[in-house]
Amino acid sequence: MPEIRVDDICIQGGSGENLLDVLLAAGQKVPWSCRAGHCQTCLVQALEGQPPEQAVAGLNPQQRETGWLLACQCPIEQDMRLKLHDPARDGLGARIVDLHFPTETVLILRIRPDRPVRFQPGQHAVIWLDSELGRPYSIASQPGESELTFHLKIHRAGAFSNRIVSLAPGDRLYLGQPGGHFHYDPDWQDKPLLLLARGTGLAPLQAIARHALAQGHQAPIQLYHWHDEQGCYLKKELRELASGHPDLTLRLRPETELAADLTQLRLASRSTLALVCGPPVFVEQLRKPLFMAGLPGRQIIDEAFLSRQG
Ligand SMILES: Cc1cc2nc3c(=O)[nH]c(=O)nc-3n(C[C@H](O)[C@H](O)[C@H](O)COP(=O)(O)OP(=O)(O)OC[C@H]3O[C@@H](n4cnc5c(N)ncnc54)[C@H](O)[C@@H]3O)c2cc1C
Ligand code: FES
């Protein structure tokens, strides 16, 4: 039976068992959020033992070289010696610059990292409030900005949501490494973009729209935002952006109209790329209408805001 060592503690794991489950069952405080290999909240570092390929998929070369792996994606195959992730040691410190609520349930958080961060607009990073409480959020900023902005949906029953609202400018937190597939690709220059967001799914998609425009994108961009009864929390900024870019069309729509709007979706051309972001049910709901509108699966790129409950 393979042996897992964490500091001086030795844990027996059945061959093929999931590493995160085994660590949690043994009382190790390993944070997790999506359990889908997507958010990087469950990082642990292998000091000995080769992580299986599926446990490092999606990590950057530097993370791989230094032995990091995603515990939720790791079947136990051999003995391993592990070090648990500590955001204060392994993450990047940052100071809160501003928190404000454009609506009752959306918090816009601005932080200043202790040093510059490399990222692509639309990628995500784990925000850590302490060594155990971290959640992934999409970066709403542009490269080169000294502050990073995030749009957080505040969930009434959410552990992170309840803690972040009690923080104030000047308070410190930690940031994981930005990553993920959800960002603009310069090869898309001449392809129409259909950007479809619900709720705070707008965070990465408005960042991608801004980035595309800054890169001189050559084809039309349509940005849909389905919002709750309090309205689009970024309406003013988006309208300003669109007023300077005739190729950007905004569709700011109440979420009560979502089903009807989906029956009306039309593609600007067969080369259109659709980028979809929001709660998992929304991302799932969009697949069929996009397919019916003539978009093959390879032209749909999505980011589901998975949480601990799916
Ligand atoms: C790659 C990635 C990027 C993300 N980017 C963002 C972002 O930019 N902005 C943002 O607001 N969120 C984003 N999320 C989702 C966010 O990380 C989760 O919603 C997170 O779990 C919230 O933490 P919490 O502690 O407040 O709630 P949790 O304690 O994790 O969950 C408590 C309860 O809140 C509800 N809940 C939590 N999250 C969701 C959800 N996404 N959909 C529906 N119900 C939910 C559920 O009822 C759940 O039981 C992202 C997720 C991923 C995987
Ligand atoms: S990547 Fe493992 S919990 Fe999200």
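In this chain, numbering begins with 1 at the start of the sequence shown. Predicted model, so just to flag it, every value in this text is computed and none were measured. In each ligand, atom 1 is the first atom listed, and ligand 1 is the first ligand listed.
- Side chains of His100 and Asp98: a donor-acceptor N/O pair is present below 3.5 angstrom, by distance only.
- In this structure, the side chain to side chain donor-acceptor pair (under 3.5 Å) partners of Ser271, at least two apart in sequence or on a different chain, are Ser269.
- Glu303 CD to Ile208 CD1: the interatomic distance, rounded to the nearest 0.5 Å, is 8.5 Å.
- For the pair His155 and ligand 1, the shortest N or O to N or O distance falls below 3.5 Å.
- In the vicinity of Ala157, heavy-atom distances shorter than 4.0 Å reach the ligand 1 atoms 32 (C).
- Here's the thing with Cys39: none of its N/O atoms is less than 3.5 angstrom from an N/O atom of ligand 1.
- Among all heavy-atom pairs drawn from Gly93 and Tyr174, the shortest one is CA-CD2, 3.7 Å.
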N/O donor to acceptor pairs below 3.5 angstrom from side-chain atoms of residues 257-268, sequence neighbours left out:
residue, atom, partner, partner atom, Å
Asp261, OD1, Arg253, NE, 3.4
Asp261, OD1, Arg253, NH2, 3.0
Asp261, OD2, Trp226, NE1, 2.8
Asp261, OD2, Arg253, NE, 2.9
Thr263, OG1, Ala260, O, 2.6
Arg266, NH1, Gln264, O, 3.4

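- A donor-acceptor contact closer than 3.5 angstrom is absent between the side chains of Tyr137 and His124.
- By the 6.0 Å contact criterion, CD on Glu53 is enclosed, its count of non-hydrogen atoms from other residues, nucleotides or ligands being greater than 12.
- Of all the atoms in ligand 1, the ones that sit under 4.0 Å from a non-hydrogen atom of Leu306 are 51 (C), 53 (C).
- With sequence neighbours excluded, the residues satisfying side chain to side chain contact (heavy atoms under 4.5 Å, CB included) with Pro51 are Ala46, Val56, Leu69.
- Taking every non-hydrogen atom of Leu152 and a distance limit under 4.0 Å, the qualifying atoms of ligand 1 come out as 11 (O).
- With a 4.0 Å cut-off on non-hydrogen atoms, Arg156 does not touch ligand 1 at all.
- A donor atom on one side chain and an acceptor atom on the other are found under 3.5 Å apart for Gln40 and Gln63.
- The pair Asp302-Arg287 meets the salt-bridge criterion, with a side-chain N (NZ, NE, NH1 or NH2) lying under 4.0 Å from an Asp/Glu carboxylate O.
- The contact set between ligand 1 and Ala159, taken as ligand atoms under 4.0 Å from a residue heavy atom, comprises 24 (P), 25 (O), 29 (O).
- With hydrogens and angles left out, the side-chain atoms of Tyr184 and His217 include a donor and acceptor closer than 3.5 Å.
- Comparing Ala203, Gly180, Ser161 by heavy-atom distance to atom 26 (O) of ligand 1, the nearest is Ser161.
- Ring centroids of His151 and Tyr233 are separated by less than 6.0 Å, placing the two rings close together.
- Between the choices Cys34, Ser307, Gly134, the shortest heavy-atom distance to atom 18 (C) of ligand 1 belongs to Ser307.
- Contacts between His124 and ligand 1, counted as non-hydrogen atom pairs separated by less than 4.0 Å, involve the side chain only.
- Of all the atoms in ligand 1, the ones that sit under 4.0 Å from a non-hydrogen atom of Lys153 are 10 (C), 11 (O).
- For Phe150, the heavy-atom gap to ligand 1 stays at 4.0 angstrom or more.
- Taking the centre of each ring, His85 and Trp128 come in below the 6.0 Å mark.
- Considering backbone and side-chain atoms alike, Arg135 places an N or O below 3.5 Å from some N or O of ligand 1.
- Note: no N/O pair closer than 3.5 Å links Pro279 and ligand 1 by distance alone.
- Around atom 2 (Fe) of ligand 2, the protein atoms of type N, O or S that sit closer than 2.8 Å are Cys42 SG, Cys72 SG.
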